[in-house]
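All values below were derived from every heavy atom in this structure, side-chain atoms included, with hydrogens, water molecules and symmetry-related copies excluded. Throughout, protein chains are lettered first and strands after them, A, B, ... in sequence-line order, and every chain is numbered starting at 1. Values in this document were obtained by computation on a predicted structure and should not be read as measured data.
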There are 2 protein chains.
Amino acid sequence: MDGVPQPTIERLVIYYRYLKKLVAHDDDKVISSLDLGHSVGVSAAQVRKDLSYFGEFGCKGVGYNVSNLKKSLEQILGFNQNWPIVLVGAGNIGRALVNYPGFKVMGLNIIAIFDCDLDKIGNRVGGLIVKSNKEIERVIKDKGVELAIIAVPVDEAQGVAEKLVKAGIKAIWNIAPVTLKLPDNVLVYYEDLASSLVTLTYRLSQKRLKARSN
Amino acid sequence: MDGVPQPTIERLVIYYRYLKKLVAHDDDKVISSLDLGHSVGVSAAQVRKDLSYFGEFGCKGVGYNVSNLKKSLEQILGFNQNWPIVLVGAGNIGRALVNYPGFKVMGLNIIAIFDCDLDKIGNRVGGLIVKSNKEIERVIKDKGVELAIIAVPVDEAQGVAEKLVKAGIKAIWNIAPVTLKLPDNVLVYYEDLASSLVTLTYRLSQKRLKARSN
DNA sequence: GAACTTTAGAGAATATTTTCACAAAAAAAG
DNA sequence: CTTTTTTTGTGAAAATATTCTCTAAAGTTC
């Protein structure tokens, strides 16, 4: 079951959130691809195609059972699994992520936070106490953690990444704006906050130019 | 000069950061698409194609002049312009963004931060004092701001978005995990932290399945 | 200065992702 | 019970994005 487009996975998460809201409000028992798509800013065809990669979840002439579809998405996306995660970097962004409310429902559990700054080690962040980077390897091996978040300054990111991989980490979500050099078997995703914003300013400039030329 | 792929813009930011580092270290006067690409995890062909959307910046048989290419990217991406930005939401993520060091070099300046929580209004965040949401419209109009960041809880996002648009905002970067319903002429980009992480766990599961089936 | 090496730029070919269009199933209407 | 409406699932078509391939220019070697 591969060949699923990258963007499809991200949209499934968005569908899931909306369905969860519907279930909570008991608003609706059934929803069409048109309504679901419209609610989350996606075309109906896109919704159906996204789901079709994983099976048949709807009923022709009717739509999708909200509660069942939600459960199916949980299954597909692995929300019923527990994903222990370690986070390195107890700066502003690291602390924000520990407290981010959206992770837990998806099985994403930050179980430890590390920093090399003595002023931060020992501090409480969310429900966790910041540990020294020296403990990274021990914790990862003890708990069998495969997923890590890097939220350290740019200069430290590569070193931290190597340490994590050595300890057994298989996938890294890197918030530091720098490309990591790691073995091919390690999955790395980049969250580049500045580049997202720049895309916006770029498009805004484009729109201005177009408007001026009319 | 449209028809530029979305991912190209994001990669240009990444090239820029690397070139900036080179210039600072005075490491190199000239760089080939192969070396630049290799350094940031992109193919040489991709680097050349990305740049080719905007003109000719290199020299055959030689490569790109690092300092000139950096300047060209600044021009293309609008880093020499000033982009005043307002941020709504002085929670953990909002505070982290105000203090994020990567924005200023790209001309991105958060000039005001708002919240509706009386406990937060008046607090200092970075160099700014948190203002009441009631002042949003006045500040946006006074300063002619076109760009806004929404970092409020899900339930408040739509209301805040409408307020921003009414005040004249043309583009929104939305960190709240909810789809906004806004007029088509407003640009909206979503930064969905959970969905990025879920993509990672999903790919990790896929790899496990594949490994097991071998 | 001729032969060789390096490397950008660009068009063609691939690959990926999205949209379209329609058959078939379910429900509703008459 | 037949017709009409609704809506899924899917293969084909279109749009988007990436990689390949080759030409030509610049530099280097002999």
Side-chain angles (χ1 to χ4, degrees), chain A residues 1-15 19 22 28-70 72-73 76 190 195 199 202-203 206, chain B residues 1-15 19 22 28-70 72-73 76 179 189-190 195 199 202-203 206:
Chain A
M1 203 178 282
D2 215 327
V4 178
Q6 185 81 352
T8 289
I9 305 297
E10 289 171 34
R11 281 190 300 264
L12 292 184
V13 174
I14 292 166
Y15 304 157
L19 295 172
L22 285 189
D28 226 336
K29 289 264 155 275
V30 158
I31 193 167
S32 67
S33 58
L34 193 73
D35 286 348
L36 173 51
H38 191 258
S39 301
V40 300
V42 165
S43 75
Q46 185 75 81
V47 170
R48 295 201 300 274
K49 180 62 91 182
D50 284 341
L51 295 173
S52 76
Y53 291 110
F54 301 93
E56 305 192 359
F57 304 99
C59 181
K60 295 183 180 184
V62 181
Y64 302 88
N65 178 299
V66 172
S67 150
N68 288 349
L69 185 56
K70 172 172 165 283
S72 300
L73 290 178
I76 292 166
Y190 296 89
S195 89
T199 309
Y202 178 78
R203 298 288 170 203
Q206 292 306 300
Chain B
M1 202 180 278
D2 216 326
V4 178
Q6 184 82 352
T8 289
I9 304 298
E10 289 171 34
R11 281 190 299 266
L12 292 184
V13 175
I14 292 166
Y15 304 157
L19 296 171
L22 285 188
D28 227 334
K29 288 265 154 276
V30 158
I31 192 167
S32 67
S33 59
L34 194 72
D35 285 349
L36 173 52
H38 191 258
S39 302
V40 300
V42 164
S43 75
Q46 184 76 79
V47 170
R48 295 201 298 275
K49 181 62 90 182
D50 284 341
L51 295 172
S52 77
Y53 290 110
F54 301 94
E56 304 192 2
F57 304 100
C59 182
K60 294 183 179 186
V62 182
Y64 301 90
N65 178 298
V66 172
S67 150
N68 288 350
L69 185 55
K70 172 173 165 284
S72 299
L73 290 179
I76 292 166
T179 309
Y189 272 58
Y190 295 89
S195 90
T199 308
Y202 178 78
R203 298 287 172 205
Q206 291 305 299

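Between B:Y53 atom OH and D:dA17 atom P there is a gap of 8 Å when expressed in whole angstrom units. In this structure, B:Q46 places its CD atom 13 Å from C1' of C:dT14, rounding to the nearest Å. Atom-to-atom, NZ of B:K49 to C1' of D:dC22 comes out at 13 Å; the value is rounded to the nearest Å. Per the geometry, CG belonging to B:L51 stands 11 Å off P belonging to C:dA10, to the nearest Å. A:Y64 has its OH atom 13 Å from the C1' atom of D:dT6, to the nearest Å. Here the P atom of nucleotide C:dA8 and the CG atom of B:L69 are 10 Å apart, to the nearest Å. Look at CD on B:E56: it is 11 Å from P on D:dA26, rounded to the nearest Å. Atom pair B:D35:CG and C:dT7:P shows a separation of 7 Å (rounding to whole Å applied).
Along DNA chain C, the nucleotide nearest A:Q6 and the nucleotide nearest A:C59 are compared for position; the residue whose nucleotide lies closer to the 5' end is A:Q6.
Taking only side-chain atoms of A:V62, from C-beta outward, the nucleotide of D:dA24, C:dA27, D:dT8 with the closest atom is C:dA27. Across C:dA8, D:dT8, C:dT17, the shortest atom-to-atom separation from the side chain of B:S33 is found for C:dA8.
Within the model, atoms CG of A:N68 and CZ of A:F57 stand 10.5 Å from one another, a figure rounded to the nearest 0.5 Å. Note that the OG atom of A:S67 and the CG atom of A:L19 stand 9.5 Å from one another [nearest 0.5 Å]. Taken to the nearest 0.5 Å, the CG atom of B:L73 stands 6.5 Å off from the CG atom of B:L51. Atom CD of B:Q6 and atom OH of A:Y202 lie 10.0 Å apart (nearest 0.5 Å).
Between A:S52 and D:dG9 there is no side-chain N or O to OP1 or OP2 distance below 4.0 Å. Side-chain nitrogen and oxygen atoms of A:S43 include at least one within less than 4.0 Å of the OP1 or OP2 phosphate oxygen of C:dT19. Applying the 4.0 Å criterion to OP1 and OP2 of C:dT18, one finds that A:R11 has a side-chain N or O inside that range. One finds no side-chain N or O of A:R48 lying less than 4.0 angstrom from the OP1 or OP2 phosphate oxygen of D:dG9.
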